[in-house]
Amino acid sequence: MSGSLLVDNIGELVTNGAGEGPLGIRRNAAVLVEEGRVVWVGPSAYAPAADHHVDAGGAAVLPGFVDSHAHLVFAGDRAAEFAARMAGEPYTGGGIRTTVGATRAATDEELRATVRRLRGEALRQGTTTMEIKSGYGLTVADEARSLRIAAETSTETTFLGAHVVPAEYADRPDDYVGLVCGPMLAAAAPYAKWIDVFCEQGAFDVDHARAILACGQAAGLGVRLHANQLGPGPGVQLGVELDAASVDHCTHLSDADVAALADTARGDGPGTRTVATLLPGAEFSTRSPYPDARRLLDAGVTVALATDCNPGSSYTSSMPFCVALAVREMRMTPAEAIWAATAGGARALRRDDIGVLTPGARADLVVLDAPSYLHLAYRPGVPLIRQVIRNGVPQ
């Protein structure tokens, strides 16, 4: 769409910038967009003229959701595994290998169709930026093609060759780490912005994780980390040590872990800006304890929310669902949850052009079928996303 776009008659505008309260709310507001960017925010009564017009009808408008943790490149599903968990079996992460087998057997077009389907679901639910990981190929060729397909849909792509040790290397984990750090990284890096490791018992220990992440950094990739999901461990401390943009899950944290994350938020620790990304869809799907978001927030840690969309432990693409879970189960206020799902996700991707509606930001807006952002938690499960505008273009 060429020309300018005006979104006006906004009853409640969440800017995550200057305005009322922590969300920078403006009332009776308007937003002017030119060339995919926000160029003006102000009272609707004083809005400039534009080539195109969207009337919000007094509804709430907020920045598009930023989902900073998702696994969309896979084949098959694990519905039977989900049913078994609901019947009482614990989640161990072992089912990942089931998806690896299906993904290796799938064609490029089958994988591409899954990515497009899930990305479309997320967009209809207000997600305008979505990180996509590899991690279900675990061969040089399959990891490279997973990232190539992911890069067709998102610029936020993450190499997760260190998801689990595949069956053929079960007795040779050192050899698999060598493969990840060598040929696999070389093949994946052209399509990846980030590198990630599942640092958990049963996946990769701290020494292997450190080695893999260091190799990724040397190849120019930013660091992300799955950490402290299944139990206490060294993952969070490793993430802080390596200046990871985000450590994700953060379910089982010591006081030292929380303090280390808080230090990065204040900028006086050994790392900088490491976000704790919480994934409540995983706890919902695995019947595991939820992370204590209140503890993190009260300590001053920067918190993001994401879906962890994947076929095994969190098969949801809905950020509104995660917002509702965060409020109900993790003791976040509605305002904290909305910030974490927008500006917090942007911080987890080290972006300042998304997750906000301020001049210069990318024009990603969500118009709700509701008068306030509060309704996203107040009315869980209700399709409240009336319209999505991404990069200045109504979807």
Side-chain angles (χ1 to χ4, degrees), residues 68-69 71 91-94 96-97 133-135 138 143 158-167 169-182 184-185 188-189 192 194-265 269-279 282 288-289 291-292 295-296 299 301-302 304 308 313 348:
S68 61
H69 184 126
H71 307 249
Y91 177 70
T92 65
I96 292 170
R97 292 189 178 91
K133 303 180 190 294
S134 67
L138 308 187
E143 285 296 295
T158 300
F159 170 45
L160 184 58
H163 201 179
V164 294
V165 176
Y169 282 90
D171 298 325
R172 299 179 292 134
D174 289 346
D175 290 347
Y176 184 67
V177 171
L179 179 72
V180 172
C181 288
M184 193 181 287
L185 174 60
W194 304 95
I195 188 167
D196 196 346
V197 174
F198 189 23
C199 183
E200 294 278 356
Q201 186 174 358
F204 294 87
D205 66 25
V206 68
D207 293 330
H208 283 159
R210 181 183 287 108
I212 292 165
L213 294 172
C215 288
Q217 284 181 311
L221 303 182
V223 170
R224 323 188 67 73
L225 198 62
H226 286 60
N228 299 62
Q229 176 189 7
L230 304 180
V236 166
Q237 298 287 338
L238 177 63
V240 170
E241 173 192 326
L242 296 180
D243 188 25
S246 179
V247 289
D248 299 14
H249 288 291
C250 294
T251 308
H252 301 275
L253 299 181
S254 67
D255 289 345
D257 294 331
V258 174
L261 289 166
D263 282 347
T264 73
T272 58
R273 303 170 295 145
T274 299
V275 173
T277 299
L278 309 183
L279 311 169
S288 301
D292 190 347
R295 179 186 180 200
L296 289 163
V301 176
T302 302
D308 192 18
S313 61

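Heads up: numbering here begins at 1 and tracks the sequence.
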About how many Å separate [atom2] of [Y] and [atom1] of [X], when rounded to the nearest 0.5 Å?
| X | Y | atom1 | atom2 | value |
| --- | --- | --- | --- | --- |
| Gln217 | Ile195 | CD | CD1 | 9.0 Å |
| Leu213 | Cys199 | CG | SG | 8.5 Å |
| Arg210 | Leu242 | CZ | CG | 6.5 Å |
| Asp196 | Lys133 | CG | NZ | 4.0 Å |
| Thr251 | Leu279 | OG1 | CG | 7.5 Å |
| Leu160 | Glu143 | CG | CD | 7.0 Å |

[X] (side chain) donor-acceptor with [Y] (main chain) under 3.5 angstrom:
| X | Y | result |
| --- | --- | --- |
| Gln201 | Gly233 | no |
| Asp263 | Ala260 | no |
| Arg97 | Val165 | yes |

So do [Y] and [X] actually touch side chain to side chain, heavy atoms under 4.5 Å?
| X | Y | answer |
| --- | --- | --- |
| Val180 | Leu185 | no |
| Leu238 | Val197 | no |
| Leu253 | Arg295 | yes |
| Ser246 | His69 | no |
| Phe159 | Ser134 | yes |

How far apart are the closest heavy atoms of [X] and [Y], and which atoms are they?
| X | Y | result |
| --- | --- | --- |
| Ala203 | His163 | CB-O, 3.9 Å |
| Glu200 | Asn228 | OE2-N, 3.0 Å |
| Leu138 | Val164 | CD1-O, 3.5 Å |
| Ala245 | Ala348 | CB-O, 3.5 Å |
| Thr274 | Val240 | OG1-CA, 4.2 Å |
| Val236 | Ala227 | N-CB, 3.8 Å |

Partner of Trp194 by side chain to side chain contact (heavy atoms under 4.5 Å, CB included), out of Thr158, Leu221, Val223
Thr158
With no hydrogens and no angle check, do the side chains of His208 and Asp174 hold a donor and an acceptor under 3.5 Å apart?
yes
Hydrogens and angles aside, do Asp248 and His226 bring a side-chain donor and acceptor to less than 3.5 Å of each other?
no
